[in-house]
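Because only heavy atoms are used, hydrogens play no part in the values below, and waters and symmetry mates are left out as well, while side chains stay in. Not measured: the values here are computed from a predicted model. By convention in this document, chain letters (A, B, ...) are assigned in the order of the sequence lines, proteins followed by strands, and residues within each chain are numbered from 1.
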2 protein chains.
Amino acid sequence: MSFTYEFERPGLTVDGVIFGLDFEEETLKVVLVERDVEPFEGMWALPGGFVRNGESLEDAALRELREETGIKDVFLEQLYTFGKPNRDPRGWVVSVAYYALVAPDQHHLLATTDARRAEWFPVNKLPKLAFDHAEVLQTALQRLRGKLTYAPIGFELLPDKFSIRQLQTLYEIVLGQKLDNRNFRKKIFSLDVLKELNEIQTGVAHRAARLYKFDERKYKQLTRQGLTFEI
Amino acid sequence: MSFTYEFERPGLTVDGVIFGLDFEEETLKVVLVERDVEPFEGMWALPGGFVRNGESLEDAALRELREETGIKDVFLEQLYTFGKPNRDPRGWVVSVAYYALVAPDQHHLLATTDARRAEWFPVNKLPKLAFDHAEVLQTALQRLRGKLTYAPIGFELLPDKFSIRQLQTLYEIVLGQKLDNRNFRKKIFSLDVLKELNEIQTGVAHRAARLYKFDERKYKQLTRQGLTFEI
DNA sequence: CCAAAAGTGTTGGGACTACACCCATGA
DNA sequence: TCATGGGTGTAGTCCCAACACTTTTGG
């Protein structure tokens, strides 16, 4: 045991970049919290906090998301670890960043503990962020864009039942380019991961779109056996 | 400052998975070191050690690689951070793993500090490893295989001057499948990142292959502007 | 009956696959 | 001159981009 004591230890935090889509505004959004503690009190930041002994990194990330934003049961993946010497005014603090994908309508925001409030912000209209969180967020964005083109993680951003148009809009928003209607449909159907429902959209002033959910089984299968999934 | 002291702090280490190719044996290899300190003294492990205050994570990784294996000036990229509660018998220790790509002939192995010796091992004939390093290594392997198919990082594993056959062998070894000769050449040349040299292979009992290096400029350009690079 | 979005068919071209073949060299 | 790998040509196939069109629905 004596060995480790030769070395100074850093503080260890986790931070989370929670992505969600706003279909009305057609923008990609992230959850930020207004800090209720020093340092950077009153400033917007990514939800996060210190990891506790006995807790895995992922558990810590899930806990912080729950505590500071009320969000739980989401797709979560480790992003990158940030450890530049002076990234935290409190001293030596290393942060393991995660990113999460959620369907906003299905998750009500609720700030507690170290956060005054939690809110969705469009990724291209962000306030000034605490720490190096602007950099963390950019890294997450790059990862999301990159991954979306070769892994089927996009589904995580949709509600349970969705139309093909919504799926396409998702891709258009995140990738920042219009996609060909016909070709998109062909591509998606060729993957054979959607289950057609006997339901259609309601409350629209035009032909209602058919709704789909996805076939968990086939989807998992794809994810496992190194799929090629390009849009 | 008082805030951080409420929280217990973990030890923080970096570990490195150094990949290299053995063209004679046609295998992918990694550098392991025999530990000269407790815990796991005498056991094989990934090179690594504690991060120091004031040092960035990447600097720490580079330093450890240099100290324990003598390897420097290599392609290095963060892999993943491992933080399961009981991964280290010394207590709470979190490790940020990196992976590196080198051309073995151009780097002489030399163990110092906490390592008794450093040696190349084929990835499919590994000894029992200390800590959770077997898991770290598997993660690195997956990443290398994945990344190789969409980013031009393979070049980092080759000597300065190389033949197309070597490049192809590289892909065949790492991906674990034979590739069509003709098609591979077409693909590679279509990327337009190779600079043809006025040199050919020597010391072979058959037609000597032309040697190439790559065009740093075009290569960097590709890497930047989100290339699509599929084999 | 019309606006607005859902949903479909088809074609040309480019890229990839799968071959069979010729070339240069040392022994 | 032959064994060995280096290096090339090309036809068929499949996938994808780029279109223009029909269908359904609420107002």
Side-chain angles (χ1 to χ4, degrees), chain A residues 21 23-26 148-150 152 158-159 161-173 175-213 222 226-231, chain B residues 21 23-26 148-150 152 158-159 161-173 175-213 222 226-231:
Chain A
L21 284 174
F23 285 102
E24 270 91 71
E25 300 181 24
E26 301 218 341
L148 200 62
T149 64
Y150 68 87
L158 292 176
K161 301 169 181 181
F162 53 88
S163 67
I164 302 292
R165 180 75 269 220
Q166 275 181 302
L167 185 56
Q168 184 176 337
T169 303
L170 180 168
Y171 275 86
E172 292 180 341
I173 292 173
L175 301 181
Q177 56 176 312
K178 290 285 168 198
L179 299 172
D180 183 277
N181 212 295
R182 184 74 190 98
N183 297 334
F184 183 82
R185 284 166 173 274
K186 270 187 292 192
K187 185 75 197 181
I188 293 298
F189 287 128
S190 78
L191 289 179
D192 195 31
V193 289
L194 296 188
K195 197 184 288 176
E196 192 175 323
L197 299 178
N198 273 329
E199 269 178 88
I200 53 172
Q201 236 177 0
T202 54
V204 288
H206 53 76
R207 175 170 176 180
R210 162 144 271 114
L211 295 179
Y212 298 81
K213 51 198 287 189
L222 260 188
L227 80 167
T228 328
F229 179 84
E230 304 224 352
I231 290 295
Chain B
L21 284 174
F23 285 101
E24 269 91 71
E25 300 180 23
E26 301 217 341
L148 200 62
T149 64
Y150 68 88
L158 292 176
K161 301 169 181 180
F162 53 88
S163 67
I164 302 293
R165 181 74 269 224
Q166 275 182 302
L167 185 56
Q168 183 175 338
T169 303
L170 180 169
Y171 274 85
E172 292 180 342
I173 291 174
L175 300 180
Q177 57 176 309
K178 290 286 167 195
L179 299 172
D180 183 277
N181 213 294
R182 184 75 190 96
N183 299 334
F184 183 83
R185 283 166 175 273
K186 269 188 292 192
K187 184 75 197 181
I188 291 298
F189 286 129
S190 78
L191 289 178
D192 195 31
V193 289
L194 295 188
K195 197 184 287 177
E196 190 175 324
L197 299 177
N198 272 329
E199 269 178 86
I200 53 170
Q201 237 178 359
T202 54
V204 286
H206 52 76
R207 176 171 175 179
R210 161 143 271 115
L211 294 180
Y212 297 80
K213 50 200 287 188
L222 260 189
L227 81 165
T228 328
F229 179 85
E230 303 225 354
I231 289 296

Quick one: pull up CZ in B/F162 and CG in B/L170 and give me the separation to the nearest 0.5 Å.
9.5 Å
Rounded to the nearest 0.5 Å, how far does CD1 of B/I164 lie from CD1 of B/I188?
7.0 Å
Kindly write out the residues that satisfy side chain to side chain contact (heavy atoms under 4.5 Å, CB included) with B/Q177, not counting sequence neighbours, or none if the list is empty.
B/L175, B/L179
Which pairs, protein N/O on one side and nucleotides 2-7 of chain D N/O on the other, fall under 3.5 Å?
from	atom 1	to	atom 2	distance (Å)
D/dG7	OP1	B/R210	N	2.8
D/dG7	OP2	B/R185	NH2	3.0

Could you list the protein-to-nucleotides 9-15 of chain C atom pairs, N/O on both sides, closer than 3.5 Å?
from	atom 1	to	atom 2	distance (Å)
C/dG9	N7	A/R182	NE	2.8
C/dT10	O4	A/K186	NZ	2.8

The criterion is salt bridge (Lys or Arg N to Asp or Glu O under 4.0 Å); which residues satisfy it with B/R165, sequence neighbours excluded?
B/E172
CD of A/Q166 versus P of C/dG7: gap in Å, rounded?
12 Å
So, using salt bridge (Lys or Arg N to Asp or Glu O under 4.0 Å) as the criterion, who are the partners of A/K161 when residues are at least two apart?
A/E199
Decide if the gap between the ring center of B/F184 and the ring center of B/Y171 is smaller than 6.0 angstrom.
yes
Could you tell me how far apart A/K178 (NZ) and D/dC19 (C1') are, to the nearest whole angstrom?
18 Å
Would you be so kind as to tabulate the donor-acceptor pairs closer than 3.5 Å made by side chains of residues 189-198 of chain A, with sequence neighbours excluded?
from	atom 1	to	atom 2	distance (Å)
A/S190	OG	A/K187	O	2.7
A/D192	OD2	A/K218	NZ	3.3
A/E196	OE2	A/R210	NE	3.2

Keeping the roles fixed (side chain from A/Q201, backbone from A/A208), state whether a donor-acceptor pair exists under 3.5 Å.
no
When rounded to whole Å, the CG to P distance for the pair A/L179 and D/dC19 reads 15 Å
Rounded to the nearest Å, what distance is computed from the CD atom of residue A/Q168 to the C1' atom of nucleotide C/dA5?
12 Å
Interatomic distance, B/I188 CD1 vs C/dC16 P [rounded to whole Å]
11 Å
